[in-house]
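So the structure is just underneath, and the comments pick up after that.
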Amino acid sequence: MFSRTVVALTPFFGRLTTTTEITLRLPAGSIFVANHDSLADPAVVMAALRRYDLEPVVLAAAGLWRIPGFGRALTRAGHIPVRRGTAQAALALDAAAEALAGGRHVLLYGEGRLPSRRDAGAAPPEPFRTGLARLARTSGAMVVPVGHAGARRIASGSAAKQLAGTLTAPVRRPHCHVHLGAPLRLPTETDRGTAFARHAVTTAWRTAARAIGERVPT
């Protein structure tokens with residue numbers, strides 16, 4: 001959900017606020033890593049990043065490319081399909097590395113999937129996959145932790161609830177907040193880098209959750 005048209009329409013589905021700890025211009029080819037808890041959050045995150053003149057390439061589920069017209073728009077924008085659970089999944093990281101080498105920023109989701117819970121509340125990021133740490137090590141790119149909260153108020157739960165939530169969001173105007181943490185270098189060891197990134201995104205998520213009045217577990 002992150003073509004330019006969809007991103008431009010995102011503010012109509014809720015109130016979006018943002019904060020950032022980025023104080024200097026980011027080097028070309030940086031990695032943004034966000035928590036993933038709703039089908040709506042790619043559009044929310046991309047709308048927030050656009051406020052800072054940032055428009056990264058996104059690694060997203062390959063199923064989105066099967067949506068008529070939408071898949072073609074994603075390809076034109078240079079976004080990268082991830083074929084999870086197949087032998088081709090690693091090709092997405094190769095494509096991301098090429099994008100970084102070409103000076104494009106890249107956005108990916110550390111968890112690599114949506115949570116299975118059905119409630120609409122905010123919750124900290126689930127365990128991260130190792131792809132981020134491996135990509136950061138091979139590319140040498142800076143990593144920007146991105147925490148967001150509120151997108152589940154737009155779409156979460158069963159397919160019927162997600163449709164109902166999306167249709168009523170322009171009336172309900174749920175509050176979404178995106179926080180950009182300070183850029184960092186991950187440890188080169190894969191497990192340590194993965195844990196370090198999850199901690200940084202969790203910290204950014206806590207800031208975002210507090211901004212919309214969510215109870216944050218200690």
Side-chain angles (χ1 to χ4, degrees), residues 1-2 6-7 10-11 13-21 31-49 56 58-61 63-64 82 84-85 107-133 136 143-169 172-182 184 186 191-218:
M1 303 299 185
F2 40 83
V6 173
V7 170
T10 298
F13 290 86
R15 296 176 293 120
L16 176 61
T17 55
T18 64
T19 47
T20 182
E21 296 175 47
I31 302 172
F32 292 81
V33 56
N35 58 301
H36 196 17
D37 64 5
S38 168
L39 286 174
D41 67 54
V44 170
V45 171
M46 289 293 284
L49 292 177
V58 183
L59 274 71
L64 293 174
V82 182
R84 299 187 181 103
L107 167 66
L108 56 80
Y109 289 89
E111 295 130 303
R113 62 181 179 85
L114 289 169
S116 58
R117 59 193 176 87
R118 293 299 184 94
D119 64 283
E126 295 186 347
F128 277 17
R129 297 177 184 270
T130 61
L132 164 66
V143 173
V144 180
V146 180
H148 67 84
R152 289 184 67 80
R153 301 294 183 183
I154 299 175
S156 61
S158 66
K161 286 184 177 180
Q162 291 190 53
L163 178 60
T166 301
L167 292 175
T168 60
R172 294 183 292 107
R173 304 288 295 166
H175 184 186
C176 299
H177 188 89
V178 178
H179 179 73
L180 309 184
L184 49 87
L186 296 187
D191 289 343
R192 287 186 61 230
T194 300
F196 193 85
R198 184 189 180 198
H199 176 76
V201 173
T202 300
T203 300
W205 167 82
R206 290 177 183 277
T207 298
R210 292 190 183 103
I212 65 170
E214 290 277 2
R215 295 183 61 183
V216 178
T218 56

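Predicted model only: the values in this text are computed from it and were never measured.
Among residues two or more places apart in sequence or in another chain, the side chain to side chain donor-acceptor pair (under 3.5 Å) test is passed with E214 by R153. Residues that satisfy the salt bridge (charged side-chain N to carboxylate O under 4.0 Å, His left out) test with R113, not counting sequence neighbours, are E126. Among residues two or more places apart in sequence or in another chain, the side chain to side chain donor-acceptor pair (under 3.5 Å) test is passed with T20 by none. Every residue two or more places apart in sequence or in another chain that forms a side chain to side chain contact (heavy atoms under 4.5 Å, CB included) with T168 is listed here: R172.
Counting heavy atoms from C-beta on, the side chains of E21 and H179 come closer than 4.5 Å. Residues V143 and F196 are not in side-chain contact: their nearest non-hydrogen atoms beyond the backbone lie 4.5 Å or more apart. Contact of the I154 side chain with the P174 side chain is registered, since non-hydrogen atoms from C-beta on lie closer than 4.5 Å.
Note: H177 and H175 have perpendicular aromatic rings, judged against thresholds of 30 and 60 degrees for the angle between ring planes.
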Distance-only donor-acceptor hits, side chain of residues 31-45, under 3.5 Å, sequence neighbours excluded:
| unit_1 | atom_1 | unit_2 | atom_2 | d |
| --- | --- | --- | --- | --- |
| N35 | OD1 | H148 | N | 3.0 |
| N35 | ND2 | H148 | O | 3.1 |
| H36 | ND1 | D41 | OD1 | 3.1 |
| H36 | ND1 | D41 | OD2 | 3.0 |
| S38 | OG | A40 | N | 2.9 |
| S38 | OG | A151 | O | 3.3 |
| S38 | OG | A155 | O | 2.7 |
| D41 | OD1 | Y109 | OH | 3.1 |
| D41 | OD2 | D37 | N | 2.9 |
| D41 | OD2 | S38 | N | 2.8 |

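Residue pairs that meet the salt bridge (Lys or Arg N to Asp or Glu O under 4.0 Å) test with at least one member in residues 194-203, sequence neighbours left out, do not exist here.
Taken from CG in L184 to NE2 in H199, the straight-line distance is 10.0 Å, to the nearest 0.5 Å.
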* Take L180 and L49 through the side chain to side chain contact (heavy atoms under 4.5 Å, CB included) test and state the conclusion after the steps. => CA-CA 9 Å; L180 309 184; L49 292 177; 3.7 Å; yes

